[in-house]
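Numbers restart at 1 for each chain; the letters A, B, ... are given by sequence-line order, proteins then strands.
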Amino acid sequence: MKDERIMKIIGRYEADAGMLIPMMQDLQAENGYLPPEQLRVLSKKLKVPLSRIYHVATFYSSFRLAPKGQHEVTLCMGTVCYLKGAGKISEAICEEYSIEPGGTTSDRLFTLQAVNCVGACALAPVMIVDGKYFDGVSTESALKIISGLSLEPATGTAEVEAGG
Amino acid sequence: MPEKQKGVLLRKDSVKTTKLKVGLGACGIAAGANEVYNELVRYVSTKKIPVMVEKTGCIGMCHNEPLVEIESEKEGRILLGNITQKNIDTIIDEYMEKQTVNPKYIVAGSDYITEHDGFFKKQVRIVLDNCGRINPESIDEYIEMNGYKALHHAIKNMTPDDIIDEVKKSGLRGRGGAGFHTGSKWNFTKQAPGDEKYLICNADEGDPGAFMDRSTLEGDPHAIIEGMTIAAFAVGAKLGYIYVRAEYPLAVKRLEIALDQAREHGFLGSNILKTSFSFDIRIKEGAGAFVCGEETALLASLEGRRGLPRIRPPFPATSGLWDKPTNINNVETYANIPRIILNGSEWYSSHGTEHSKGTKVFALAGKINKGGLIEVPMGITLREIVYDIGGGIKSGKRFKAVQMGGPSGGCIPESLLDTVIDYDSVTRTGAIMGSGGMVVMDEDTCMVEVARFFLDFTQQESCGKCTFCRIGTKRMLEILERITRGEGVKNDIEHLEQLALGVKSGSLCGLGQTAPNPVLTTLKYFREEYEAHINERRCPGGQCKNLISYIIIPDNCVGCGVCLKNCPVNAISGEKKEPHIINQDICTKCGICMDSCKFDAVDIKR
Ligand SMILES: Cc1cc2nc3c(=O)[nH]c(=O)nc-3n(C[C@H](O)[C@H](O)[C@H](O)COP(=O)(O)O)c2cc1C
Ligand code: FES
């Protein structure tokens, strides 16, 4: 069953090993992460050593090898957001939920991602929750927004979804 | 253009009807412009108001987002700021009835003088000319603004050498950071032997405080496509790639739309404009690695590998993608091309200084009153940008520095505010022109912490291939972390300087070669801040947690109890209506009390 999907992705790029990265991006877009068993299929079909696939997967920060939480909390850590206190906000969230930046809470409620500049510096600090932007956040308001998350997927309203 | 051709259809309805344009660039959307747009569409259609609602790219005044522009033949253009889902209906009603708008929403307009006028006055818009004016998803609007005329002229009336000559004469230098002469670069690729050549647009925009390329991609994608196609004709490339940063989904979407439209109109694909010239463009999304902005790393990434840079030469112009001659330019570089071809090199080089021609787009942000996307002529001073365009420092604080060039750049102090913007003058300060990030810092910024921030960034992004960059940046970061923790030791500054020079000269690619710049410039201009941290255990910027304490000013405190309630560790005590106190032994210095106090009663003791 699952193999079928990865075969479709491989077919989309005519099994061209030069298109390895776009294939992995599609795989992640479908699953939310890169499932190891599918990477093995990818390796066999493309005749690319699995080590090279992992070489690529671990180099680029947008690839993840573990499933993420139900909600996506993205905190901009670009220069301007950082200058305006994003570092403190991140620390406070990590402390409150006992996670590390990039990590997922143990109940899989949310994954905290850091991203470098979402291109809205004039509104810094910026936090994006499931695609919805919150500008000018403070430690206080950020914690409040996150405390409103529950274990059912909420749908974002904004058009753009920034990934980390 | 004289003869009729596919695509050059002028829209008949030009400005006859009133248009409402909503700025849907990244900051607009972040500030809620999508909601404003949806509400406008809903309201206008239910009430059958005779106006056209349109999308446009970044208008540039990010500090007043969401922005809506009213454009009508009679009233000219009026730009409205701070529009929300809630206030837009009444504004439209008032405008339709009386042709007026409450002045508090007007930020600029053909017939208005506002406090915001300075923001636009000193700007010269060449690259951003269409940004925020046309609908980026409409090729007709681009064509209406003389779009694809330059391509037509270049292919039909010029030879590749004519084009290269024209670009050389314009004096255009690469806007990706290094400032290499674009015409000469094209010539190298053209002269390189081989029939198979590639053209690449570098849209990786890695500087973590910059969004110029993103705004151009989102606001005027056809200009980049046109520029690339002209370049391809000049160097002899048949296939091009746009390498876009992973975090720019909207840019990718708009580019895809624009590419399809260009192909349909015969501006791209086989036999462009019915000539024998064929060229097509593909989009490749990055996967999140700063170093992939470096051209040789970008090539490796395009080939499906880890983005590791390699030693140059050979330069991509002779051996690039799949070892074939490849021309790589930045987004803004390509966006300049159609304007240069259309208006001539003389017109272009009339802007700027002797060695830096034209304009430069900057993402102006930080502790400034009016941040946004700006385009200025080369030769303008930093002071003019910060004070005349940016409106000075927020909340009356003191200016401390302006950071240019992101992690590869440096901090320029107040004493050098009269530096003019051109490649050579900026480099002389120790910073670099960079791709256009410009972050303004005030007295509440710790320069050691800023250096630590950038080094943390480059250290994490170092690909690890060469030793100086991999280990050198790590050791430098350790020293900076120690200093900001308040544990700096005697020789730290000297060691930092030694390491910085080593990393600069010993690294393989631009990432390592420039990584020490933030440290070197802060050491040069703000050495006393380093010394205060190390010798006096004091942080003059009031940022380093271990060296500051939060205190309550009894005179300002009304005893409302908000901070007490919000403090996550219960470090605050006090009776209602009496000044409160923070227990320093418990306080974790999270700053929530300061954020939540409405009376400015919480201060930082430095
Ligand atoms: C670490 C590093 C990151 C870079 N990032 C970018 C980038 O994001 N965008 C860009 O256009 N150039 C970037 N460059 C510069 C490119 O290597 C290259 O010089 C540029 O794309 C050439 O285009 P230009 O001549 O039009 O400036 C980077 C260079 C280095 C060393
Ligand atoms: S630094 Fe956060 S949006 Fe640019």
- Note on the structure: chain A shares the most heavy-atom pairs under 4.5 Å, among Glu449(B), Glu65(B), Met441(B), His63(B), with Glu449(B)
- Ser61(A) side chain vs Ala289(B) backbone, donor-acceptor pair below 3.5 Å: no
- Considering all heavy atoms, the nearest Ala120(A)-Ala30(B) contact: CB-CB, 4.0 Å
- Looking only at heavy atoms, what is the nearest atom pair of Asn116(A) and Phe457(B), with distance? ND2-CE1, 3.2 Å
- Pairing of Lys545(B) and Glu91(A) as salt bridge, 4.0 angstrom limit: yes
- Name the region of Leu302(B), side chain, backbone, both or neither, that has any atom closer than 4.5 Å to a heavy atom of chain A. backbone
- Which one, Met77(A), Glu95(A), Lys88(A), leads in non-hydrogen pairs under 4.5 Å with chain B? Lys88(A)
- Note on the structure: Cut-off 4.5 Å, heavy atoms of chain A, and the answer for Ala33(B) is neither
- Item | Partner chain B: residue of Ser141(A), Ala122(A), Gly87(A) with the largest heavy-atom pair count (under 4.5 Å) | Ala122(A)
- Given a strict heavy-atom distance threshold of 4.5 Å, which part of Met23(A) is in contact with chain B: side chain, backbone, both, or neither? neither
- Measure from the side-chain N and O atoms of Tyr60(A) to the backbone N and O of Gly307(B), and report whether any donor-acceptor pair falls under 3.5 Å. yes
- Which portion of Phe454(B) sits near chain A, non-hydrogen atoms under 4.5 angstrom: side chain
- Bottom line for Leu123(A): the part with an atom under 4.5 Å from chain B's heavy atoms is side chain
- Item | Reported CG-to-SG distance for the pair Leu83(A) and Cys446(B), which is rounded to 0.5 angstrom | 10.5 Å
- Task: Tell me, with the steps shown, if Glu247(B) and Val115(A) meet side-chain contact (heavy atoms from CB on, under 4.5 Å).
- Result: CA-CA 8 Å; Glu247(B) 288 88 355; Val115(A) 58; 3.5 Å; yes
- Below 4.5 Å from any heavy atom of chain A, which atoms of Gln543(B) appear? Answer side chain, backbone, both or neither. side chain
- Item | Which atom of Gly288(B) lies closest to which atom of Ser62(A), heavy atoms considered | N-OG, 4.3 Å
- Item | Test item: Val291(B) and Phe59(A) side chains (from C-beta on) under 4.5 Å apart, heavy atoms | yes
- Message: Restricting to non-hydrogen atoms, name the atom on Ala287(B) and the atom on Ile21(A) that form the minimum distance, rounded to 0.1 Å.
- Response: CB-CG2, 4.3 Å
- What part of Thr588(B) lies closer than 4.5 angstrom to a heavy atom of chain A: side chain, backbone, both or neither? neither
- Message: Given heavy-atom pairs under 4.5 angstrom as the criterion, report whether the side chain, backbone, both or neither of Val440(B) touches chain A.
- Response: backbone
- Item | Separation between OG1 of Thr139(A) and CG of Asp595(B), rounded to the nearest 0.5 Å | 5.0 Å
- Message: Return the OH to OG1 distance between Tyr82(A) and Thr445(B), rounded to the nearest 0.5 Å.
- Response: 12.0 Å
- Taking the side chain from Arg306(B) and the backbone from Arg52(A), do they hold a donor-acceptor pair closer than 3.5 Å? no
- Task: Rounded to the nearest 0.5 Å, what's the gap from CD1 on Ile368(B) to SG on Cys121(A)? Could you check?
- Result: 12.5 Å
- Message: On a heavy-atom basis, which atom in Arg214(B) and which in Val118(A) lie closest, and how many Å separate them?
- Response: NH1-O, 2.6 Å
- For Cys292(B), is it the side chain, the backbone, both or neither that has a heavy atom under 4.5 Å from a heavy atom of chain A? side chain
- Message: Quick check against the 3.5 Å criterion: does Gln25(A) have a side-chain atom that pairs as donor or acceptor with the backbone of Glu285(B)?
- Response: yes
- Mind listing the closest non-hydrogen atom pair of Gly18(A) and Lys284(B) along with its distance? O-NZ, 3.8 Å
